[in-house]
Amino acid sequence: MKNSYSNIFTFNKKILSKTIKSLKNGGVIGLPTETVYGLGGNAYSKKAVKKIFKLKGRPKFNPLIIHYYNIKDAQKDVVSNKYFEKLYKSFCPGPITFVLKRKNTSKISHQACANLRTIAVRFPKNKTTRDILRKIDFPLAMPSANKSSGVSPVNSKDVFDEFKKKLKIIIDGGKCKIGIESTVIDLTSDPKILRPGVLDKKVIENSLKIKIKTHRKKNKILSPGMMKKHYSPGIPVMINQKTHDGKSAFIYIGNKYKNKKNFFSLSKKNNLFLAASNLYKIFRIIKKKGYKKIQINKIPNYGAGIAINDRINRASKF
């Protein structure tokens, strides 16, 4: 069943069949996940992976996350280890991406991995995308469905705004529950967080019963989500702002400026998980309203706030 957008579809058996046919032929589809919407294509297909990079305008040195239905499927391509297996049992399917050593026998497109000897793998929780992964015999290379360095989409209309009719199929899965990208953890040696997400370091440490480092070297791209400039709404973003300049959009958490013009609360109840899920939605609203600049009040730097601060710091590199 179509809605008012000719290439946005409600998911059903007919669309599932159409989607699988397109993916098998090297097509690229707009798909929902619990984090953000993705551009999905056959990770074993050079044709599909090339399309993804071209659509996004993505630098060749920036790898893609490869999405699988379960760990058994992923183990065909990556070297498993005790940390991976433990975290998979604890948090998957869910918003965590694992960087693992690539098997010599892996069929994953080398371009999808930016010619690295590693693969970033994830197991999405969204039922629609899981239904598709269960029915196909290849994983999906699937970065966020936006132009490179821009704001990730959290609903199907955002995907349309980015690519218009360049995508033949965009599957409508409603608004993404989490609203920001997955936590990325390097498991090729001692575990290291490469990108924070709502699944924070302390929760992962409690699961593994070890202390985890956060990767500090910013110059080498080891996984998706490590670009210095990223998540940008396309206008200047000023962080840690104490006062409003009178004309810019002002983002904050709480209810202090209720109903005041130019003020946008990420969460009126000071809920950092809700704040994270609203960040990109509010970025897009502000841009569409024609503001020339965004000021962001200081965001608490714990829990989901760590992931929010990572995103707004990168967005501020305008």
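Quick note: numbers below take in every heavy atom, side chains included, and nothing from hydrogens, waters or symmetry partners. Numbering of residues begins at 1 and proceeds along the displayed sequence. Source: prediction; values computed, not measured.
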Backbone N or O of [Y] within a donor-acceptor pair of the [X] side chain at under 3.5 Å?
X	Y	result
Asp310	Ile306	no
Tyr88	Pro93	no
Lys213	Asp190	no
Lys192	Ile212	no
Arg58	Asn62	yes
Ser144	Asn146	no
Asp186	Ile193	no

**OP:** Please report the C-alpha distance between Lys165 and Ser6 in whole Å, then the side-chain angles of each, then the deciding distance to 0.1 Å, and finally whether the side chain to side chain donor-acceptor pair (under 3.5 Å) criterion is met.
**Re:** CA-CA 9 Å; Lys165 298 294 182 67; Ser6 63; 3.1 Å; yes
Would a line drawn from the ring center of [X] to the ring center of [Y] be shorter than 6.0 Å?
X	Y	result
Phe98	Phe84	yes
Phe250	Phe264	no
Phe123	His67	no

Between [Y] and [X], is there a side-chain heavy-atom distance shorter than 4.5 Å?
X	Y	answer
Leu133	Pro139	no
Thr118	Val78	no
Lys103	Lys76	no
Leu140	Asn42	no
Phe9	Thr19	no
Lys135	Leu16	yes
Val79	Arg102	no
Arg117	Lys101	no

**OP:** Determine, stepwise, if the pair Asn240 / Asn297 fulfils side chain to side chain contact (heavy atoms under 4.5 Å, CB included).
**Re:** CA-CA 5 Å; Asn240 299 321; Asn297 199 210; over 6 Å; no
Using a distance-only test with no angle check, is there a side-chain donor-acceptor pair under 3.5 angstrom linking [X] and [Y]?
X	Y	value
Tyr68	Asp77	yes
Glu181	Ser152	yes
Lys89	Ser207	no
Thr97	Ser182	yes
Ser248	Asp245	yes

**OP:** Would you mind telling me which of Lys288, Lys287, Arg284 makes a side-chain hydrogen bond (donor to acceptor under 3.5 Å, both in side chains) with Asp161?
**Re:** Lys288
Measuring from [X]:[atom1] to [Y]:[atom2], what's the distance to the nearest 0.5 Å?
X	Y	atom1	atom2	answer
Leu194	Thr183	CG	OG1	10.5 Å
Lys298	Ile296	NZ	CD1	14.0 Å
Ile15	Thr128	CD1	OG1	11.5 Å
Leu55	Ser148	CG	OG	12.0 Å
Ile282	Ser267	CD1	OG	9.5 Å

Original post:
What's the verdict on side chain to side chain donor-acceptor pair (under 3.5 Å) for Tyr280 and Asp158, showing C-alpha distance, side-chain angles and the deciding distance?
Top reply: CA-CA 10 Å; Tyr280 294 156; Asp158 291 346; over 6 Å; no
Subject >> Verdict with supporting geometry, Leu208 and Lys86, side chain to side chain contact (heavy atoms under 4.5 Å, CB included) >> reply: CA-CA 7 Å; Leu208 294 180; Lys86 172 69 175 171; 3.7 Å; yes
Non-hydrogen atoms of [X] and [Y] that approach each other most closely:
X	Y	answer
Thr33	Cys176	O-SG, 3.3 Å
Ala304	Ala276	CB-CB, 4.5 Å
Ile235	Lys293	CD1-N, 4.0 Å

Count I, L, V, M, F, W, Y as connected when their side-chain heavy atoms are under 4.5 Å apart, and connections chain through other members. Are [X] and [Y] then in the same cluster?
X	Y	answer
Ile132	Ile65	no
Phe263	Val237	no
Val203	Leu274	no
Ile312	Ile251	yes
Met238	Leu266	no

Subject >> side chain to side chain contact (heavy atoms under 4.5 Å, CB included) partner of Tyr37, chosen from Asn126, Thr129, Asp172 >> reply: Asp172
**OP:** Take Phe138 and Tyr44 through the test ring-ring contact (aromatic ring centres under 6.0 Å, His included) and record every step on the way to the result.
**Re:** CA-CA 7 Å; Phe138 50 85; Tyr44 294 158; 7.1 Å; no
**OP:** Begin with the C-alpha distance, continue with both residues' side-chain angles, and end with the deciding distance and a verdict on side chain to side chain contact (heavy atoms under 4.5 Å, CB included) for Leu187 and Ile185.
**Re:** CA-CA 6 Å; Leu187 298 178; Ile185 184 166; 3.9 Å; yes
Subject >> Test side chain to side chain donor-acceptor pair (under 3.5 Å) applied to Asn25 and Ser22, step by step >> reply: CA-CA 5 Å; Asn25 289 330; Ser22 177; over 6 Å; no
Original post:
On the ring face of Tyr231, is Arg314 found with NZ or CZ under 6.0 Å from the centre and within 45° of the axis?
Top reply: no
Original post:
Is it true that the NZ or CZ of Arg130 lies under 6.0 Å from the centre of Tyr69's six-membered ring and within 45 degrees of the ring axis?
Top reply: yes
**OP:** Give the intermediate values and the outcome of side chain to side chain contact (heavy atoms under 4.5 Å, CB included) for residues Leu100 and Ile119.
**Re:** CA-CA 6 Å; Leu100 295 155; Ile119 301 176; 5.9 Å; no
Original post:
Which one of Arg122, Lys125, Lys175 satisfies the salt bridge (charged side-chain N to carboxylate O under 4.0 Å, His left out) criterion with Glu34?
Top reply: Arg122
